[in-house]
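A short worksheet on the structure shown next.
Side chains are part of it too, since the values below use all heavy atoms of this structure and drop only hydrogens, waters and symmetry mates. This one's a predicted model, so the numbers in the text were calculated from it and none came from an experiment. Counting convention: from 1, in listed order, for ligands and their atoms alike.
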Amino acid sequence: MTVLGLESSCDETSVSIIRDDKILANLISSQHFHLKYGGVVPELSSRAHLQMITPLFKEALIKAKIPKEEIDVVSATAGPGLIGALLVGLNFGKALSYSLNKPFVAVNHIEGHIFSGFLMKDKPEFPILTLVVSGGHTLLLLVKDDLNIVKLGTTIDDAAGEAFDKVAKMIGLGYPGGPKVQEYAQKGNANAIKFPIANLKGDYDYSFSGLKTSVLRYVQKEYVNSENIPENDKSDIAASFQNAVVKALSQNVEKAIIQYNVKTLSLVGGVAANMAIREKISELAWKYNKKLVIPDIEFCGDNAAMIAYRASKLFENNIVSGLTANAFPSLPKDAFQSIEI
Ligand code: KG4
Ligand code: ZN
């Protein structure tokens with residue numbers, strides 16, 4: 001089965017073609033121009049997706065060495081994400097599905113991330129304990145099989161990636177913040193500043209807003225604003241902040257490993273590109289003798305291969321959306337059932 005995947009939920013336009021779970025093409029065009037605005041400008045993002053999607057689609061066919069008629073299933077991200085941006089990929093996909101007379105599958109972007117470990121050579125084995133850390137979401141999930149996902153916990157305020165991006169801004173590192181914070185953190189002392197991590201009542205929930213505010217207070221108190229922070233101090237703040245995030249993320253993961261009998265531990269989403277988080281999660285997998293699956297960096301951030309893969313599994317389970325599928329900006333409340341196990 002040959003599946004086309006389209007992804008345009010934020011600032012990456014991506015087109016992928018997979019055949020029988022093998023990636024034939026996975027092209028990603030990143031919108032670096034948002035840098036000068038300090039964050040993603042939704043309208044500019046939509047326009048850039050419009051410009052890129054057709055050339056990327058043509059290039060993907062060339063790369064995959066197939067004519068478009070060989071596509072069996074067309075899929076696109078329907079949400080969550082920026083609505084104008086989502087509509088570009090979704091409508092392109094629906095139009096293509098109509099013209100090729102092939103089924104259309106709308107994919108939840110977060111589900112794309114959740115199953116992205118299956119794009120790797122060494123695949124996860126169910127049940128999987130999955131930590132999703134992206135720009136908009138932080139979720140700890142028990143993935144029992146292709147269609148059964150149980151939510152153990154989520155963030156009650158900021159997502160992990162959002163915290164990275166905001167802290168980067170506070171200390172003058174620019175956008176996108178995550179990779180910049182990591183770069184500075186590598187040169188800094190992780191124990192230089194003690195930033196607090198939240199201790200929540202909900203067993204597996206997260207909160208990053210207190211941590212973010214304490215970084216802001218520290219910057220205001222010590223330097224008034226980001227322009228006065230010496231480079232070495234930026235590294236220490238970045239390293240200490242990253243250390244707090246690693247601790248916050250991993251303590252719930254460890255609790256869940258002990259409580260649930262899973263075969264695999266998986267870390268996915270844009271923030272899964274972070275080396276310190278990858279190392280800590282790997283350590284936990286080793287400590288508890290679990291299989292570890294963390295996608296290669298290319299498949300941590302937004303990519304269409306994960307959308308195509310998810311669509312292939314939905315299609316195999318007779319889940320097809322048709323051309324009435326609509327874009328949705330946020331994760332539906334009932335997207336994953338809450339913990340009841
Ligand atoms: O999954 P993703 O590409 O987009 C969303 O679905 O949100 O995640 C983007 C997020 C951004 O917040 C970005 O700063 C963060 O992932 N990120 C990182 C790193 N690389 C990307 N955060 C920490 N360390 C990194 N190396
Ligand atoms: Zn994403």
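Within the structure, the closest approach of Pro179 to ligand 1 falls below 4.0 Å when heavy atoms are considered. For the pair His109 and ligand 1, a heavy-atom separation below 4.0 Å is found. Not a single heavy atom of Met275 lies less than 4.0 angstrom from ligand 1.
For residue His109, an N/O/S atom approaches the Zn ion (ligand 2) to within less than 2.8 Å. Taking 2.8 Å as the criterion, His137 does not count as a coordinating residue of the Zn ion (ligand 2), since none of its N, O or S atoms falls below it.
When non-hydrogen atoms are compared, ligand 1 lies under 4.0 Å from the side chain of His113 (C-beta onward) but not from its backbone.
The nearest non-hydrogen atom to atom 2 (P) of ligand 1, considering only Val271, Val132, Val167, Asp302, comes from Asp302. With Gln182, Arg278, Met306 as candidates, the residue nearest to atom 26 (N) of ligand 1 on a non-hydrogen basis is Gln182. Across the listed options Asp165, Val133, Ile277, Asp165 owns the non-hydrogen atom lying nearest to atom 14 (O) of ligand 1. Distances from atom 7 (O) of ligand 1 to the heavy atoms of Cys300, Gly135, Gly177 put Gly135 nearest. Within the set Gly178, Ala273, Gly270, the minimum heavy-atom distance to atom 21 (C) of ligand 1 is found for Gly270.
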*Applying ring pair (Phe, Tyr, Trp, His ring centres under 6.0 Å), run through Phe195 and Phe208 and close with a yes or a no.*
CA-CA 11 Å; Phe195 290 126; Phe208 293 104; over 10 Å; no
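Dense packing is recorded around NZ of Lys187, with more than 12 heavy atoms of other residues, nucleotides or ligands lying under 6.0 Å away. For Tyr288, the OH atom is densely surrounded, since the number of other residues' heavy atoms within 6.0 Å is greater than 12.
Cluster annotation: Met1 is connected to Ile23 through the hydrophobic network of ILVMFWY side chains, with a link wherever side-chain heavy atoms come within less than 4.5 Å.
For Phe164 and Phe241, the gap between ring centers is short of 6.0 Å.
Atoms of ligand 1 found under 4.0 Å from any heavy atom of Gly136 (numbered from 1 in listed order, with element): 7 (O). Heavy-atom proximity to Gly301, at under 4.0 Å, picks out these atoms of ligand 1: 3 (O). Within ligand 1, counting atoms from 1 as listed, the ones closer than 4.0 Å to a heavy atom of Asn274 are 23 (C), 24 (N), 25 (C), 26 (N).
With hydrogens and angles ignored, the 3.5 Å screen pairs a side-chain donor or acceptor of Ser266 with a backbone N or O of Val293. Formation of a donor-acceptor pair under 3.5 Å by the Gln182 side chain with backbone atoms of Met275 is found in this model. For the pair Asn189 (side chain) and Asp236 (backbone), a donor-acceptor distance under 3.5 Å is absent.
Nearest N, O or S atom of Asp302 to the Zn ion (ligand 2): atom OD1.
For the atom pair Thr264 OG1 and Leu129 CG, the distance stands at 9.5 Å (nearest 0.5 Å).
Looking only at atom types and distance, the side chain of Ser207 has a donor-acceptor partner in the side chain of Asp157 under 3.5 Å away.
Checked by distance only, ligand 1 and Gly161 come closer than 3.5 Å through their nitrogen or oxygen atoms.
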